[in-house]
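Please read the structure below before turning to the comments.
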Amino acid sequence: GSTALTIGTDQNATFAGVILGANGSVSAPSFSFSSDTNTGMYKEGTDSIGFTRDGEKTVVISANQLGVFGGENDHVKFIMYADEGDDDDDKYRIEAQKGGGGMEFQTATTGSWATMLTLSTTGSAIVPRGISFNQGGSASNNSIYHHPSNNWMYVQGGTAGLALKGKDSDDSCVYLNNSSQNISLN
């Protein structure tokens, strides 16, 4: 016969066949650690794998789903790295707020997190830095944004634009611009 298991002097094991383990559970995963027996991997269900931490389900992978779970009062964060993950740049995070408080999509390109989009449970969406549009695959100047220093809301496309100033301002108005004409309504 052939050797089924080889244990080297470096204490590494090499198996010649398939390794089969018990199904395990959230509180007692099949593959865990001698110093932390309720953290590890287990069979979640048919054709799915579960990961547990401190006896609580944290990740489930199945044919069409990657589920990330947190405690009832925890924020759940899913972080993706656009590089090796060795610095604080080029990473993206989706964070589900605790207690059903909504979701935030964030990015870090200068070492700190900045929110790009917030979705609330009431259906509203908040885009702190504005929305830009790209038509026909080429960069353009089409955008909707709020300018915090003068409290104006801008809608612009190419050389034309519309600016609105809030009603709580001293000088509420609408300002229209298209490269050759300016129209101001107060």
Side-chain angles (χ1 to χ4, degrees), residues 1-139 143:
S2 62
T3 303
L5 170 64
T6 304
I7 300 176
T9 56
D10 58 2
Q11 297 185 355
N12 290 328
T14 304
F15 293 85
V18 176
I19 300 172
L20 300 174
N23 289 344
S25 67
V26 171
S27 59
S30 322
F31 301 96
S32 63
F33 307 91
S34 59
S35 64
D36 192 359
T37 59
N38 64 357
T39 296
M41 184 173 68
Y42 65 100
K43 179 177 172 37
E44 169 69 15
T46 303
D47 297 330
S48 63
I49 300 169
F51 293 87
T52 179
R53 177 198 48 82
D54 195 24
E56 293 186 21
K57 178 173 26 178
T58 55
V59 175
V60 173
I61 302 170
S62 64
N64 59 0
Q65 175 179 317
L66 168 64
V68 180
F69 302 86
E72 194 63 36
N73 291 313
D74 293 338
H75 290 291
V76 176
K77 300 173 186 169
F78 181 70
I79 300 175
M80 298 164 282
Y81 293 91
D83 60 11
E84 299 83 22
D86 57 354
D87 56 26
D88 284 335
D89 294 339
D90 302 319
K91 58 186 177 182
Y92 304 89
R93 176 168 71 188
I94 301 170
E95 181 175 337
Q97 303 293 321
K98 67 180 177 181
M103 292 184 64
E104 288 188 356
F105 294 81
Q106 302 171 329
T107 184
T109 55
T110 57
S112 61
W113 289 103
T115 299
M116 299 165 28
L117 171 66
T118 301
L119 302 175
S120 76
T121 56
T122 61
S124 65
I126 301 168
V127 183
R129 290 175 170 66
I131 302 171
S132 294
F133 305 93
N134 186 342
Q135 294 178 321
S138 62
S143 59

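When every heavy atom of Phe33 is checked against every heavy atom of Thr39, the shortest pair comes out as CD1-O, 3.4 Å. Heavy-atom minimum distance, Phe51 versus Ile61: CE1-CD1, 4.0 Å. Closest approach of Tyr92 to Thr107, counting heavy atoms only: CE2-OG1, 3.2 Å. In plain terms, the two heavy atoms of Pro29 and Thr37 that are nearest each other are CD-O, 3.3 Å.
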_Evaluation steps, side chain to side chain contact (heavy atoms under 4.5 Å, CB included), between Asp54 and Asn38_ = CA-CA 5 Å; Asp54 195 24; Asn38 64 357; 3.5 Å; yes
Practice prompt. Might you work through the side chain to side chain contact (heavy atoms under 4.5 Å, CB included) test for Val59 and Phe69, ending with a clear yes or no?
Written response: CA-CA 6 Å; Val59 175; Phe69 302 86; 5.9 Å; no
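Residue-environment remark: CG (Asp36) exceeds the threshold of 12 foreign heavy atoms within 6.0 Å.
Summarising the geometry, atom CD belonging to Glu104 is positioned 4.0 Å from atom OG1 belonging to Thr115; distances are rounded to the nearest 0.5 Å. Separation of atoms CD (Glu44) and OG (Ser25) is listed at 10.5 Å; rounding is to 0.5 Å. Rounding to the nearest 0.5 Å gives a distance of 12.5 Å between OG1 of Thr52 and CE of Met41. Remark: Ser48 OG to Asn64 CG distance equals 10.5 Å, nearest 0.5 Å. To the nearest 0.5 Å, atom CG of residue Asp47 and atom OG of residue Ser62 are 9.0 Å apart. Rounded to the nearest 0.5 angstrom, Lys43 NZ and Ser30 OG are separated by 10.0 Å.
The shortest side-chain heavy-atom distance between Leu5 and Thr3 does not fall under the 4.5 Å cut-off. Counting only heavy atoms from C-beta outward, the side chains of Val26 and Tyr42 approach each other to under 4.5 Å. Residues Met103 and Thr118 have side chains not in contact (no heavy-atom distance under 4.5 Å, counting atoms from C-beta outward).
Panel note: side chain Asp10, backbone Asn12; a donor-acceptor pair is recorded below 3.5 Å.
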